[in-house]
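As the structure lists them, so they are numbered: ligands from 1, and atoms in each ligand from 1.
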Amino acid sequence: MSFFTYRKGEMHAEGVALKTIAAQVGTPFYCYSAGALRAAMREFVDGMKGMNASVCYAMKANSNLAVIKLFGDMGAGADIVSVGEMRRALAAGIPAERIVYSGVGKKASELMAALEAGVGQVNVESSAELETLNAVAGQLGVKADITIRVNPDVDAKTHAKITTGKKGNKFGIDIDLARAAFAEAGKLRNLRVVGIAMHIGSQLEKLGPYRAAIRRVGKLIAQLRTDGHKIDRFDIGGGLGIVYKEEKPPSIADFLALVKKETEGLGCELTFEPGRRLVGEAGVLVGEVILVKPGVSKTFVIVDAAMNDLIRPTLYEAWHDILPVRQPRPDAATIRCDIVGPICESGDYLAQNRDLAPLSAGDLVMIRSAGAYGAVMASSYNSRPLAPEVMVDGTRFAVTRPRPSIEEMISAERLPSWMEPAKA
Ligand SMILES: *Cc1c(COP(=O)(O)O)cnc(C)c1O
(Lines give C-alpha, C1' and ligand atoms only; values in the text may rest on other atoms or scores of the structure.)
Protein backbone atom coordinates (compact mmCIF):
# COMPACT_ATOMS: atom_id res chain seq x y z
CA MET A 1 0.00 0.00 0.00
CA SER A 2 1.22 3.48 -0.78
CA PHE A 3 1.01 6.25 1.75
CA PHE A 4 1.30 8.84 -1.03
CA THR A 5 -1.85 8.85 -3.18
CA TYR A 6 -4.10 11.20 -5.12
CA ARG A 7 -7.31 12.06 -3.35
CA LYS A 8 -9.81 14.22 -5.18
CA GLY A 9 -7.12 15.12 -7.68
CA GLU A 10 -4.53 16.24 -5.12
CA MET A 11 -1.49 14.28 -3.97
CA HIS A 12 -1.68 13.46 -0.29
CA ALA A 13 0.78 12.12 2.24
CA GLU A 14 -1.61 9.96 4.28
CA GLY A 15 -4.43 12.37 5.17
CA VAL A 16 -2.64 15.63 4.40
CA ALA A 17 -2.57 17.35 1.01
CA LEU A 18 0.98 18.19 -0.01
CA LYS A 19 -0.19 21.60 -1.23
CA THR A 20 -1.36 22.35 2.33
CA ILE A 21 2.15 21.67 3.64
CA ALA A 22 3.69 23.67 0.78
CA ALA A 23 1.49 26.65 1.61
CA GLN A 24 2.63 26.53 5.23
CA VAL A 25 6.35 25.67 5.01
CA GLY A 26 7.23 26.74 1.48
CA THR A 27 9.14 24.70 -1.10
CA PRO A 28 11.26 22.68 -1.46
CA PHE A 29 10.58 20.37 1.48
CA TYR A 30 10.98 16.74 2.42
CA CYS A 31 7.90 14.92 3.65
CA TYR A 32 7.95 11.62 5.53
CA SER A 33 4.96 9.38 6.18
CA ALA A 34 5.00 8.03 9.74
CA GLY A 35 2.60 5.31 8.64
CA ALA A 36 5.00 4.15 5.93
CA LEU A 37 7.95 4.21 8.33
CA ARG A 38 5.99 2.17 10.88
CA ALA A 39 4.79 -0.30 8.24
CA ALA A 40 8.35 -1.01 7.10
CA MET A 41 9.64 -1.44 10.64
CA ARG A 42 6.63 -3.61 11.49
CA GLU A 43 7.58 -5.98 8.66
CA PHE A 44 10.97 -6.46 10.27
CA VAL A 45 9.50 -6.89 13.75
CA ASP A 46 6.95 -9.43 12.50
CA GLY A 47 9.45 -11.29 10.33
CA MET A 48 11.92 -11.60 13.20
CA LYS A 49 9.39 -13.28 15.50
CA GLY A 50 10.86 -16.52 16.74
CA MET A 51 14.34 -15.45 15.70
CA ASN A 52 17.02 -14.29 18.12
CA ALA A 53 17.44 -11.06 16.19
CA SER A 54 17.15 -7.31 16.37
CA VAL A 55 17.20 -4.26 14.12
CA CYS A 56 19.78 -1.51 14.43
CA TYR A 57 18.49 1.18 12.09
CA ALA A 58 21.31 2.45 9.84
CA MET A 59 20.61 6.07 10.52
CA LYS A 60 22.92 7.45 7.87
CA ALA A 61 20.02 6.86 5.46
CA ASN A 62 17.92 9.44 7.30
CA SER A 63 19.00 10.84 10.63
CA ASN A 64 16.05 13.10 11.36
CA LEU A 65 15.40 12.86 15.11
CA ALA A 66 11.71 12.14 14.70
CA VAL A 67 12.48 9.29 12.32
CA ILE A 68 15.03 7.76 14.69
CA LYS A 69 12.65 8.11 17.63
CA LEU A 70 9.81 6.46 15.72
CA PHE A 71 11.98 3.39 15.08
CA GLY A 72 13.45 3.48 18.59
CA ASP A 73 9.95 3.44 20.05
CA MET A 74 9.31 0.26 18.05
CA GLY A 75 12.37 -1.41 19.56
CA ALA A 76 15.10 -0.56 17.08
CA GLY A 77 18.64 0.24 18.05
CA ALA A 78 20.91 2.29 15.81
CA ASP A 79 23.79 1.57 13.48
CA ILE A 80 25.99 4.66 13.51
CA VAL A 81 29.01 5.75 11.50
CA SER A 82 30.04 8.86 13.42
CA VAL A 83 29.93 10.44 16.85
CA GLY A 84 27.46 12.96 15.47
CA GLU A 85 25.11 10.11 14.67
CA MET A 86 25.69 8.63 18.11
CA ARG A 87 24.66 11.90 19.72
CA ARG A 88 21.55 12.00 17.55
CA ALA A 89 20.63 8.41 18.44
CA LEU A 90 21.03 9.15 22.14
CA ALA A 91 19.07 12.40 21.75
CA ALA A 92 16.28 10.38 20.14
CA GLY A 93 16.20 8.09 23.17
CA ILE A 94 17.99 5.02 21.78
CA PRO A 95 19.79 3.34 24.70
CA ALA A 96 23.57 3.28 24.24
CA GLU A 97 23.71 -0.50 24.55
CA ARG A 98 21.50 -0.78 21.46
CA ILE A 99 23.98 1.23 19.37
CA VAL A 100 26.38 -0.45 16.94
CA TYR A 101 29.31 1.65 15.76
CA SER A 102 30.33 0.92 12.14
CA GLY A 103 32.76 2.65 9.80
CA VAL A 104 36.05 2.16 8.08
CA GLY A 105 37.95 5.05 9.66
CA LYS A 106 37.14 5.78 13.29
CA LYS A 107 39.45 8.20 15.09
CA ALA A 108 40.74 7.51 18.60
CA SER A 109 38.75 10.50 19.91
CA GLU A 110 35.59 9.09 18.35
CA LEU A 111 36.17 5.61 19.77
CA MET A 112 36.78 7.24 23.14
CA ALA A 113 33.46 9.13 22.95
CA ALA A 114 31.67 5.94 21.93
CA LEU A 115 33.09 3.86 24.79
CA GLU A 116 32.41 6.65 27.27
CA ALA A 117 28.80 6.72 26.14
CA GLY A 118 28.65 2.93 26.49
CA VAL A 119 27.80 1.87 22.95
CA GLY A 120 26.92 -1.80 22.79
CA GLN A 121 29.18 -2.95 19.98
CA VAL A 122 31.98 -1.66 17.79
CA ASN A 123 32.31 -3.26 14.37
CA VAL A 124 36.04 -3.13 13.72
CA GLU A 125 37.28 -3.00 10.13
CA SER A 126 41.09 -3.15 10.33
CA SER A 127 43.95 -4.29 12.56
CA ALA A 128 44.94 -0.66 13.03
CA GLU A 129 41.50 -0.04 14.50
CA LEU A 130 41.88 -3.09 16.78
CA GLU A 131 45.05 -1.54 18.21
CA THR A 132 43.55 1.93 18.61
CA LEU A 133 40.38 0.64 20.22
CA ASN A 134 42.34 -1.60 22.59
CA ALA A 135 44.45 1.37 23.67
CA VAL A 136 41.44 3.64 24.14
CA ALA A 137 39.53 0.99 26.13
CA GLY A 138 42.63 0.49 28.29
CA GLN A 139 42.80 4.21 29.01
CA LEU A 140 39.17 4.17 30.10
CA GLY A 141 39.56 0.93 32.03
CA VAL A 142 36.77 -0.81 30.12
CA LYS A 143 36.48 -3.84 27.90
CA ALA A 144 35.01 -3.07 24.46
CA ASP A 145 32.60 -5.53 22.86
CA ILE A 146 33.58 -5.91 19.25
CA THR A 147 32.83 -7.77 16.09
CA ILE A 148 35.16 -7.85 13.16
CA ARG A 149 33.61 -6.85 9.87
CA VAL A 150 34.72 -9.14 7.12
CA ASN A 151 34.56 -8.55 3.41
CA PRO A 152 33.10 -11.79 2.04
CA ASP A 153 34.01 -10.93 -1.57
CA VAL A 154 30.58 -11.28 -3.16
CA ASP A 155 29.18 -9.16 -5.94
CA ALA A 156 26.10 -7.37 -4.64
CA LYS A 157 25.12 -6.50 -8.25
CA THR A 158 24.35 -2.91 -7.37
CA HIS A 159 25.73 0.50 -8.35
CA ALA A 160 29.56 0.68 -8.14
CA LYS A 161 29.44 3.53 -5.64
CA ILE A 162 27.36 1.52 -3.17
CA THR A 163 28.85 -1.94 -3.45
CA THR A 164 30.93 -2.70 -0.37
CA GLY A 165 31.46 -6.44 -0.04
CA LYS A 166 33.71 -7.17 -3.00
CA LYS A 167 37.50 -7.54 -2.94
CA GLY A 168 38.94 -4.15 -3.72
CA ASN A 169 36.32 -2.22 -1.71
CA LYS A 170 37.75 -0.34 1.25
CA PHE A 171 35.36 -1.97 3.73
CA GLY A 172 35.87 -4.81 6.16
CA ILE A 173 38.78 -7.21 6.43
CA ASP A 174 39.37 -9.58 3.51
CA ILE A 175 37.75 -12.86 4.39
CA ASP A 176 41.10 -14.57 3.75
CA LEU A 177 42.77 -12.40 6.38
CA ALA A 178 39.96 -12.68 8.90
CA ARG A 179 41.39 -15.55 11.00
CA ALA A 180 44.59 -13.59 11.54
CA ALA A 181 42.59 -10.52 12.56
CA PHE A 182 40.52 -12.53 15.04
CA ALA A 183 43.71 -14.07 16.43
CA GLU A 184 45.12 -10.60 16.92
CA ALA A 185 41.91 -9.36 18.56
CA GLY A 186 41.92 -12.37 20.87
CA LYS A 187 45.26 -11.26 22.25
CA LEU A 188 44.19 -7.71 23.03
CA ARG A 189 43.19 -7.50 26.68
CA ASN A 190 40.74 -4.65 26.48
CA LEU A 191 38.65 -6.12 23.69
CA ARG A 192 35.98 -8.79 23.98
CA VAL A 193 35.21 -10.46 20.66
CA VAL A 194 31.47 -11.11 20.57
CA GLY A 195 30.90 -11.85 16.94
CA ILE A 196 31.33 -11.14 13.28
CA ALA A 197 29.82 -8.57 10.92
CA MET A 198 29.29 -7.97 7.23
CA HIS A 199 27.54 -5.43 5.00
CA ILE A 200 27.79 -6.22 1.32
CA GLY A 201 26.27 -3.18 -0.33
CA SER A 202 23.17 -1.09 -0.75
CA GLN A 203 20.05 -1.27 -2.93
CA LEU A 204 20.34 -5.05 -3.35
CA GLU A 205 17.58 -6.35 -5.58
CA LYS A 206 18.27 -10.06 -5.18
CA LEU A 207 18.73 -12.45 -2.26
CA GLY A 208 21.50 -14.45 -3.96
CA PRO A 209 24.37 -12.24 -2.81
CA TYR A 210 23.12 -12.46 0.79
CA ARG A 211 22.96 -16.25 0.55
CA ALA A 212 26.49 -16.44 -0.86
CA ALA A 213 27.90 -14.07 1.73
CA ILE A 214 26.21 -15.77 4.68
CA ARG A 215 27.50 -19.16 3.54
CA ARG A 216 31.04 -17.84 3.31
CA VAL A 217 30.86 -16.15 6.67
CA GLY A 218 29.17 -19.24 8.14
CA LYS A 219 32.16 -21.38 7.12
CA LEU A 220 34.47 -18.82 8.64
CA ILE A 221 32.49 -18.84 11.90
CA ALA A 222 33.06 -22.60 12.18
CA GLN A 223 36.80 -22.12 11.66
CA LEU A 224 36.95 -19.27 14.14
CA ARG A 225 35.25 -21.41 16.76
CA THR A 226 37.79 -24.15 16.17
CA ASP A 227 40.42 -21.47 16.68
CA GLY A 228 38.88 -20.85 20.11
CA HIS A 229 36.88 -17.65 19.50
CA LYS A 230 33.42 -17.06 20.86
CA ILE A 231 31.25 -15.97 17.95
CA ASP A 232 27.85 -15.32 19.49
CA ARG A 233 26.61 -12.54 17.22
CA PHE A 234 26.34 -12.33 13.45
CA ASP A 235 25.67 -8.82 12.15
CA ILE A 236 24.17 -9.24 8.67
CA GLY A 237 24.35 -5.54 7.76
CA GLY A 238 21.74 -3.75 5.67
CA GLY A 239 21.36 -3.17 1.98
CA LEU A 240 17.89 -4.41 1.06
CA GLY A 241 16.68 -2.48 -1.98
CA ILE A 242 13.53 -0.45 -2.57
CA VAL A 243 11.38 0.52 -5.54
CA TYR A 244 12.53 3.58 -7.45
CA LYS A 245 11.24 2.60 -10.89
CA GLU A 246 10.38 -0.98 -11.73
CA GLU A 247 12.68 -2.85 -9.37
CA LYS A 248 11.24 -5.91 -7.68
CA PRO A 249 13.27 -6.13 -4.49
CA PRO A 250 12.62 -9.11 -2.22
CA SER A 251 10.03 -8.70 0.51
CA ILE A 252 11.36 -8.18 4.01
CA ALA A 253 9.67 -11.45 5.01
CA ASP A 254 11.46 -13.39 2.25
CA PHE A 255 14.76 -11.77 3.17
CA LEU A 256 14.36 -12.68 6.83
CA ALA A 257 13.25 -16.21 5.95
CA LEU A 258 16.37 -16.67 3.83
CA VAL A 259 18.64 -15.38 6.58
CA LYS A 260 16.88 -17.59 9.11
CA LYS A 261 17.36 -20.67 6.94
CA GLU A 262 20.98 -19.89 6.09
CA THR A 263 21.98 -19.12 9.68
CA GLU A 264 20.11 -22.03 11.25
CA GLY A 265 22.53 -24.12 13.23
CA LEU A 266 25.04 -21.30 13.63
CA GLY A 267 23.54 -20.48 17.01
CA CYS A 268 24.23 -16.79 16.60
CA GLU A 269 22.17 -13.84 17.73
CA LEU A 270 21.50 -11.80 14.58
CA THR A 271 21.63 -8.07 13.97
CA PHE A 272 20.05 -6.40 10.94
CA GLU A 273 21.09 -2.92 9.89
CA PRO A 274 18.48 -1.77 7.38
CA GLY A 275 18.62 1.86 6.33
CA ARG A 276 17.19 2.56 2.90
CA ARG A 277 14.50 -0.13 3.17
CA LEU A 278 12.99 1.45 6.28
CA VAL A 279 12.87 5.04 5.04
CA GLY A 280 13.35 5.27 1.26
CA GLU A 281 9.80 4.85 0.04
CA ALA A 282 8.41 6.64 3.09
CA GLY A 283 9.74 10.01 1.98
CA VAL A 284 9.23 12.43 -0.90
CA LEU A 285 10.74 15.73 -1.91
CA VAL A 286 8.31 18.42 -3.04
CA GLY A 287 9.32 21.33 -5.23
CA GLU A 288 7.61 24.09 -7.14
CA VAL A 289 8.02 24.85 -10.83
CA ILE A 290 9.82 28.18 -11.25
CA LEU A 291 9.56 28.34 -15.01
CA VAL A 292 9.32 26.21 -18.11
CA LYS A 293 11.88 26.68 -20.88
CA PRO A 294 11.05 25.09 -24.20
CA GLY A 295 14.04 23.88 -26.24
CA VAL A 296 14.41 22.37 -29.67
CA SER A 297 14.81 18.75 -28.58
CA LYS A 298 13.18 18.92 -25.17
CA THR A 299 11.65 21.18 -22.59
CA PHE A 300 13.35 22.14 -19.35
CA VAL A 301 11.13 22.32 -16.33
CA ILE A 302 13.08 24.34 -13.77
CA VAL A 303 11.99 23.66 -10.22
CA ASP A 304 13.10 25.05 -6.86
CA ALA A 305 14.42 21.66 -5.66
CA ALA A 306 17.93 20.93 -6.86
CA MET A 307 20.99 18.68 -6.67
CA ASN A 308 21.91 20.25 -3.34
CA ASP A 309 18.60 18.92 -1.95
CA LEU A 310 18.72 15.50 -3.64
CA ILE A 311 22.05 14.49 -5.13
CA ARG A 312 21.15 10.90 -5.95
CA PRO A 313 20.21 11.45 -9.64
CA THR A 314 23.53 13.02 -10.49
CA LEU A 315 25.71 11.03 -8.05
CA TYR A 316 24.34 7.54 -8.66
CA GLU A 317 22.48 8.04 -11.95
CA ALA A 318 19.46 7.29 -9.79
CA TRP A 319 15.99 7.31 -11.26
CA HIS A 320 13.27 8.94 -9.14
CA ASP A 321 9.65 8.97 -10.18
CA ILE A 322 8.28 12.50 -10.53
CA LEU A 323 4.60 13.21 -10.22
CA PRO A 324 2.65 16.43 -10.46
CA VAL A 325 1.00 17.19 -7.13
CA ARG A 326 -2.21 18.14 -8.90
CA GLN A 327 -3.36 15.02 -10.71
CA PRO A 328 -3.29 15.45 -14.49
CA ARG A 329 -6.34 14.42 -16.49
CA PRO A 330 -5.98 10.83 -17.60
CA ASP A 331 -6.14 11.88 -21.26
CA ALA A 332 -3.60 14.72 -20.89
CA ALA A 333 -0.93 14.78 -23.59
CA THR A 334 2.66 14.53 -22.38
CA ILE A 335 5.81 16.36 -23.36
CA ARG A 336 9.42 15.18 -23.16
CA CYS A 337 11.23 17.13 -20.49
CA ASP A 338 14.14 17.36 -18.06
CA ILE A 339 13.27 18.34 -14.51
CA VAL A 340 16.18 20.45 -13.35
CA GLY A 341 17.13 22.74 -10.50
CA PRO A 342 18.37 26.33 -10.67
CA ILE A 343 22.00 25.52 -9.71
CA CYS A 344 24.85 26.48 -12.05
CA GLU A 345 25.87 22.91 -12.93
CA SER A 346 24.77 20.75 -15.81
CA GLY A 347 24.68 17.90 -13.30
CA ASP A 348 21.87 19.69 -11.51
CA TYR A 349 18.96 17.59 -12.62
CA LEU A 350 16.37 15.49 -10.85
CA ALA A 351 15.18 13.64 -13.93
CA GLN A 352 15.98 13.53 -17.62
CA ASN A 353 13.87 12.66 -20.63
CA ARG A 354 10.59 12.17 -18.84
CA ASP A 355 7.24 12.32 -20.54
CA LEU A 356 5.07 14.39 -18.27
CA ALA A 357 1.80 16.23 -18.62
CA PRO A 358 2.65 19.89 -19.23
CA LEU A 359 3.65 21.80 -16.12
CA SER A 360 3.64 25.51 -15.61
CA ALA A 361 5.09 27.99 -13.14
CA GLY A 362 3.67 27.55 -9.67
CA ASP A 363 2.78 23.87 -10.09
CA LEU A 364 4.09 21.52 -7.41
CA VAL A 365 5.94 18.30 -8.22
CA MET A 366 6.64 15.33 -5.97
CA ILE A 367 9.89 13.38 -6.26
CA ARG A 368 9.26 9.88 -5.01
CA SER A 369 11.35 7.46 -2.94
CA ALA A 370 13.46 10.29 -1.53
CA GLY A 371 13.35 9.28 2.12
CA ALA A 372 16.78 7.61 2.10
CA TYR A 373 20.06 9.35 1.31
CA GLY A 374 18.09 12.49 0.46
CA ALA A 375 18.00 15.12 3.20
CA VAL A 376 21.08 13.64 4.88
CA MET A 377 23.19 14.22 1.77
CA ALA A 378 21.87 17.73 1.18
CA SER A 379 24.18 20.72 1.19
CA SER A 380 23.74 24.46 1.09
CA TYR A 381 25.58 24.80 -2.23
CA ASN A 382 24.75 28.09 -3.93
CA SER A 383 23.81 29.33 -0.42
CA ARG A 384 20.52 27.52 -0.70
CA PRO A 385 19.12 26.79 2.77
CA LEU A 386 18.67 23.11 3.62
CA ALA A 387 15.15 22.01 2.74
CA PRO A 388 12.97 21.52 5.81
CA GLU A 389 11.74 18.08 6.84
CA VAL A 390 8.11 17.41 7.64
CA MET A 391 6.51 14.34 9.18
CA VAL A 392 2.90 13.42 8.46
CA ASP A 393 1.00 11.07 10.74
CA GLY A 394 -2.61 10.50 9.70
CA THR A 395 -4.14 13.95 9.38
CA ARG A 396 -1.42 15.69 11.40
CA PHE A 397 1.85 17.09 10.21
CA ALA A 398 4.80 18.72 11.91
CA VAL A 399 7.98 20.39 10.75
CA THR A 400 10.70 18.21 12.28
CA ARG A 401 13.56 20.32 10.95
CA PRO A 402 12.80 23.89 9.95
CA ARG A 403 14.39 25.65 7.03
CA PRO A 404 17.28 27.78 8.30
CA SER A 405 16.99 31.45 7.47
CA ILE A 406 19.67 33.08 5.33
CA GLU A 407 20.52 35.20 8.40
CA GLU A 408 21.21 32.05 10.41
CA MET A 409 23.42 30.72 7.66
CA ILE A 410 25.44 33.92 7.43
CA SER A 411 25.70 34.47 11.17
CA ALA A 412 27.36 31.06 11.58
CA GLU A 413 30.43 32.51 9.83
CA ARG A 414 33.19 34.86 11.08
CA LEU A 415 35.36 37.41 9.33
CA PRO A 416 39.06 37.24 10.23
CA SER A 417 40.05 39.80 12.85
CA TRP A 418 42.38 41.57 10.40
CA MET A 419 39.55 42.47 8.08
CA GLU A 420 37.50 45.62 8.38
CA PRO A 421 33.98 44.80 9.54
CA ALA A 422 31.60 44.56 6.59
CA LYS A 423 29.50 47.69 6.11
CA ALA A 424 25.99 46.37 6.24
C1 LIG B 1 25.09 2.06 4.92
C2 LIG B 1 25.15 0.93 5.85
C3 LIG B 1 23.99 0.22 6.17
C4 LIG B 1 22.65 0.54 5.58
O5 LIG B 1 22.58 0.32 4.21
P6 LIG B 1 21.18 0.40 3.48
O7 LIG B 1 21.47 0.06 2.09
O8 LIG B 1 20.70 1.79 3.63
O9 LIG B 1 20.28 -0.58 4.14
C10 LIG B 1 24.10 -0.81 7.08
N11 LIG B 1 25.28 -1.13 7.64
C12 LIG B 1 26.42 -0.48 7.33
C13 LIG B 1 27.68 -0.89 7.98
C14 LIG B 1 26.40 0.57 6.44
O15 LIG B 1 27.52 1.21 6.13
Within 45° of the axis and under 6.0 Å from the centre of the six-membered ring of Trp319, does NZ or CZ of Arg354 qualify? yes

Would you indicate whether the side-chain heavy atoms of His159 and Gln203 approach each other to under 4.5 Å? no

For the residue pair Phe44 and Phe272, does the interplanar ring angle fall in the parallel (under 30°), tilted (30 to 60°) or perpendicular (over 60°) class? tilted

Do Tyr244 and His320 have ring centroids that are under 6.0 Å from one another? yes

Going by an N to O cut-off under 4.0 Å, is there a salt bridge joining Lys60 and Asp79? no

Sorted by chain and residue number, the residues having a heavy atom closer than 4.0 Å to an atom of ligand 1 are Ala58, Lys60, Asp79, Ser102, Arg149, His199, Ser202, Gly238, Gly239, Glu273, Pro274, Gly275, Arg276, Tyr373

Could you pull out the closest heavy-atom pair between Met51 and Leu256, with the gap in Å? CE-O, 3.9 Å

